[in-house]
Amino acid sequence: MENWILYFCSCLSCFIIVSFFYGFADDRYSRTFSNRYIYIGTGWAMTFGIAAVNLLNRPVLNFLTWMAAVGLSAYILYYGDYERPVKRILDCEIFLGVITICESLGVGLADLLLEWMNIKIENSTMLVCVETAFSKIALIFLYFMAVSRLMKKRDVPLTGHQYFSSVVILLYTLVDIIVVIDNVRNRPNNYFLVLNLGCIVLADLYLLYLNKVMLEKSSLEYEVKLMEKQTDMQYKYYVRQEQNYNKTIHLLHDVDKHIKFIEKLYMSGNAAAAAEYTGQITDMLRPLIPAAYTGNPILDILITDYKSIMDARQIDFDITADHVNVDSMDAIDITTIFGNLFDNAIEACGAVEGNKKITLRLGAYRGMVSVKMENTCAAVKWKNGIPVSGKGRGHGMGLANVARSVEKYDGAVKVKAENGIFTVELFLNF
């Protein structure tokens, strides 16, 4: 009976480690085979096989078996860097080492708790079960709260709710295990307590995994909203460009008529009327001709477009561009960064009574391009150091999209609001 109990504990231990290994590998690499049953079968084979090796009670053999299983799985079942398979295997072996350290912390915690509670478990099988349960609980919490986040290519930040729920689960688990340990002292041969410990460990694994899935779901939903916001901004920009194009076409269509009319005015000696008519044509063309603000055609067209919007809303605009070259930027990043900055600034000015002004400064700084936009604003609401929109859900994502584009160029974004002036500073490294 005791051997079956030990094998059950060993299988539970191996199942958790194998699950974490596959989760780690899936996050960092691509699967070689499309058939998921290959991975399910391999995982169960590793679980039952290594659990049997554990029963031999030979630590060196057990460690070498784990290293061989992890290394072969990383080499055969995953890819992503064929030119450097050794690096992939080494990553997975390091991960196994971190998991081993976390397990050791759990065993040490179990021994300290037994000593603190003045409990001495005479039954060696029950002692192994208690230490296994503690080591796996420590491993589960450390993995979900720290290890997976440090070793993951794409990290998803925890929310306050996630931290709170994780702490509640941990405290409940500790209380439950203390109760089980106390029962072990009174009934040392009651092996149903081992089943209870196993259920506690599996329940923690499920709850924290569910916590992780819900967090990633929320993160993906937020990214979808960011992309929707980005798409909407791009669409509005292209609609405005289409409108400008249509205006240009209409003017070109009638240009022959305008020229003939101006000639008739001059020929009739009405030079003043001809000059006035020419000025009207010039005023119509001026918004359609991009000014040479920076020398980059995309950015100049965008600034000209927003300049016409600011003029219509009576917002003063001042721009200084000193020796700036943004030709290395993708066109979509130019519209994302500067389009969102202008949209936010114009929206903020709309909530201000009296003087409204937007200032844009572009310059070179230590091999980087510096961008500084200032605008008059009302009171700014902040959340976690980030300004938020008062227009409800779905708004206020402009700066998030700006930050995503700036990250592509190893840049940084800083924002502040002082004395009715909102300032955004960013640096781009080409």
Side-chain angles (χ1 to χ4, degrees), residues 226 229-230 233-234 236-237 240-241 244 286-350 352 355-378 380 382 385-387 396-430:
L226 286 180
K229 174 71 175 178
Q230 172 67 15
M233 193 272 294
Q234 293 284 347
K236 290 179 179 178
Y237 172 71
R240 290 198 299 268
Q241 295 308 309
N244 291 337
R286 186 176 293 112
L288 305 178
I289 303 174
Y293 292 109
T294 65
N296 181 277
I298 301 296
L299 183 53
D300 287 344
I301 291 173
L302 186 140
I303 294 175
T304 301
D305 182 44
Y306 277 102
K307 176 67 166 58
S308 64
I309 297 176
M310 288 183 276
D311 290 340
R313 301 188 184 185
Q314 298 181 334
I315 300 174
D316 294 333
F317 178 60
D318 182 38
I319 178 172
T320 302
D322 297 328
H323 309 292
V324 174
N325 185 350
V326 296
D327 293 342
S328 300
M329 292 182 65
D330 294 335
I332 193 170
D333 291 323
I334 291 176
T335 55
T336 295
I337 294 173
F338 292 94
N340 278 300
L341 291 180
F342 276 119
D343 280 339
N344 291 344
I346 291 172
E347 179 184 335
C349 287
V352 175
N355 183 46
K356 304 175 182 180
K357 186 174 182 179
I358 296 175
T359 302
L360 178 62
R361 300 283 182 265
L362 296 95
Y365 179 78
R366 294 185 178 180
M368 298 184 293
V369 172
S370 64
V371 179
K372 181 177 182 180
M373 181 174 286
E374 296 179 326
N375 60 268
T376 51
C377 67
V380 178
W382 298 84
I386 301 174
M397 296 182 175
L399 280 177
N401 276 324
V402 170
R404 284 160 60 94
S405 291
V406 169
E407 285 178 1
K408 293 172 60 175
Y409 303 95
D410 297 325
V413 180
K414 296 180 180 179
V415 295
K416 64 179 180 180
E418 295 178 349
N419 303 320
I421 301 296
F422 187 84
T423 304
V424 179
E425 293 182 273
L426 56 93
F427 295 91
L428 303 168
N429 188 15
F430 301 128

Let me confirm one number: the [atom1]-[atom2] distance from [X] to [Y], rounded to the nearest 0.5 Å.
| X | Y | atom1 | atom2 | answer |
| --- | --- | --- | --- | --- |
| Lys357 | Ile315 | NZ | CD1 | 13.0 Å |
| Thr304 | Ile309 | OG1 | CD1 | 11.5 Å |
| Ile358 | Ile346 | CD1 | CD1 | 5.0 Å |

Output a table of donor-acceptor pairs, distance under 3.5 Å, between side-chain atoms of residues 422-430 and any protein atom two or more places apart or on a different chain; print 'none' if there are none.
none

### Query
For the side chain to side chain contact (heavy atoms under 4.5 Å, CB included) test, which of Leu341, Val406, Asn340 pairs with Leu399?
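The option that passes is Leu341.
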
### Query
Among all residues two or more places apart in sequence or in another chain, which pass the side-chain hydrogen bond (donor to acceptor under 3.5 Å, both in side chains) test with Asp327?
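Applying side-chain hydrogen bond (donor to acceptor under 3.5 Å, both in side chains) to Asp327 gives Asn296.
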
### Task
Report the residues that fulfil side-chain hydrogen bond (donor to acceptor under 3.5 Å, both in side chains) with Thr294, sequence neighbours left out, ordered by chain and then residue number.
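Partners of Thr294 under the side-chain hydrogen bond (donor to acceptor under 3.5 Å, both in side chains) test: Asp300.
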
### Message
Under the criterion side chain to side chain contact (heavy atoms under 4.5 Å, CB included), I'd like the reasoning laid out for Ile337 against Asn401: C-alpha separation, chi angles, the key distance, then a yes or no.
### Response
CA-CA 7 Å; Ile337 294 173; Asn401 276 324; over 6 Å; no

### Query
Under a 4.5 Å cut-off applied to non-hydrogen side-chain atoms, are Thr376 and Ile421 in contact?
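Touching, per the 4.5 Å side-chain cut-off.
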
#### Entry: With sequence neighbours excluded, residues passing salt bridge (charged side-chain N to carboxylate O under 4.0 Å, His left out) with Lys408
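Lys408: salt bridge (charged side-chain N to carboxylate O under 4.0 Å, His left out) contacts with Asp330, Asp333.
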
### Query
Does any pair with a residue in residues 310-320 pass side chain to side chain donor-acceptor pair (under 3.5 Å), and if so which ones, sequence neighbours excluded?
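Every pair satisfying side chain to side chain donor-acceptor pair (under 3.5 Å) with a residue in residues 310-320: Lys307-Asp311, Asp318-Arg361, Thr320-Arg361.
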
Of the non-hydrogen atoms in [X] and [Y], which two are nearest, and what is the gap between them?
| X | Y | value |
| --- | --- | --- |
| Ile334 | Leu302 | O-CD1, 4.4 Å |
| Cys349 | Asn375 | SG-CB, 4.1 Å |
| Ser370 | Ala364 | OG-N, 4.4 Å |

### Query
Excluding sequence neighbours, so at least two apart, what forms ring-ring contact (aromatic ring centres under 6.0 Å, His included) with Phe342?
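Result, ring-ring contact (aromatic ring centres under 6.0 Å, His included) vs Phe342: Tyr306, Phe317.
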
